[in-house]
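Structure first, commentary second.
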Amino acid sequence: MEDFRDLKSDGPEIVEESSCPECGCKRLIRDYERAEVTCASCGLVVDDHLLDLGPEWRAFDAEQREKRQRGGAPMTYTIHDMGLSTVIDWRDKDIYGRALSPQSRAQMSRLRKWQMRARISDSTERNLSFALSEIDRIGAQLRLPRNVREAASVTYRRTIERRLIRGRSIESLTASALYVACRQFAVPRTLEEIAAVTKVDKKEIGRSYRFLARELGIKLAPTSPVDYIPRFASDLKLSGEVQGKAIEILGKVVSQGLTSGRGPMGVAAAALYIAAELSHEQRTQREVAEVARVTEVTVRNRYKEMVEYLGLRVP
DNA sequence: AAGACGAAAGTGGTTGA
DNA sequence: TCAACAACTTTCGTCTT
């Protein structure tokens, strides 16, 4: 019987190979979609740069696996020719390691030259190749999982194909493509976080993002405050219990329509603040505001609204 | 002394005429 | 294109623990 343990599963899975540094328990939840490993009992985000290095296909039984397995690196969209082009070695040696004759060496150098010209031929190719390495760089710095970077690359390819780059900087478009990808995969990063690792400022990324969304017809659901809870809670070293409570509060608040038009980060921050207070793991408004990148005043205002409309009485 | 609270004025972006 | 508008920020003074 075939061993399937190394095949990708559909959703989050429980792993027991290491233990949580906070509570020491052995049950960790590995979630490829969100690229996080969290502790099942205390909710600590143990590892948030989980990379999925598996093949892009999935096999459901041994026969399929046999058929799909093949040589070569997985095809990827983050290399401008999708990683498929031939690479000519730079050493002037043949396959046995012997030095090449002068004629062969001249031929090889001509081949190399033409290969470079073929690979990065016109300006759009050059643009793509720069942009994709940029996406990879930013993605790596933000510790974004491979699938998010792939999605960003696809988006960028589409903008090039539609000739939408004119006058806009590559930097701002790559940044927005990543921002879009993050939201598509519900691993939200704030505009500020992306701006911090690029030369483009928050305003500019926002502008290009709206531009992309309009021109490419990308429809994104507004970011849910719930998506921010695990990360913020982890930054604040709050327990899984508090996270659960915060999400519960958010459920009620959202159904009351209290959150429409409000910034999701402020809402998430206030919910966490209340949940922490209820669980006697108080954090100051300042601390919560800081990880959520909003001001104390905003936390206060959301907090006030929630307590008032939900009839929550906080001692 | 630190944190919570609130008022007031300013900012950047959306919307609708 | 401009003005109204809501959400959010900045700043600062007061109250509470």
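So that the names make sense, note that chain A is the first sequence line, chain B the second, and so on, each numbered from 1.
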Please give, in whole Å, the distance from [N] [atom2] to [X] [atom1]?
X        : N      : atom1 : atom2 : result
A:Arg293 : C:dT10 : CZ    : C1'   : 19 Å
A:Ile205 : B:dG13 : CD1   : C1'   : 16 Å
A:Met306 : B:dC5  : CE    : C1'   : 17 Å
A:Arg302 : C:dA6  : CZ    : P     : 14 Å
A:Gln282 : B:dA4  : CD    : C1'   : 12 Å
A:Asn301 : C:dA7  : CG    : C1'   : 10 Å
A:Arg283 : B:dA2  : CZ    : P     : 19 Å
A:Glu277 : B:dA4  : CD    : P     : 8 Å

For residues [X] and [Y], determine if any side-chain heavy atom of one lies less than 4.5 Å from a side-chain heavy atom of the other.
X        : Y        : result
A:Glu171 : A:Glu204 : no
A:Tyr228 : A:Thr223 : yes
A:Arg189 : A:Leu144 : yes
A:Arg149 : A:Asp136 : yes
A:Leu216 : A:Leu164 : yes
A:Tyr156 : A:Ile170 : yes

Given DNA chain B, 5'-ward residue of the pair A:Arg207 and A:Glu296, judged by closest heavy atom: A:Glu296
Nearest-nucleotide 5' precedence on DNA chain B, A:Lys304 against A:Lys203: A:Lys304
Candidate nucleotides B:dC5, C:dC8, B:dA7, ranked by approach to the side chain of A:Gln285 - the nearest: B:dC5
Nucleotide nearest A:Arg210 when distance is taken to its side chain, options B:dT14, B:dC5, C:dT11: B:dT14
Residue-phosphate contact under 4.0 Å: A:Tyr303 side-chain N/O, B:dA4 OP1/OP2: no
Touch class at under 4.0 angstrom, heavy-atom based, for A:Thr284 against every strand present: sugar-phosphate
Quiz item: A:Arg300 side-chain donor-acceptor pair to B:dG6 base, under 3.5 Å: yes
Strand DNA chain C in bracket notation, Watson-Crick/G-U under 3.5 Å with | for pairs to another chain: |||||.|||||||||||
Backbone of A:Lys237 reached by a side-chain donor or acceptor of A:Arg283 within 3.5 Å: yes
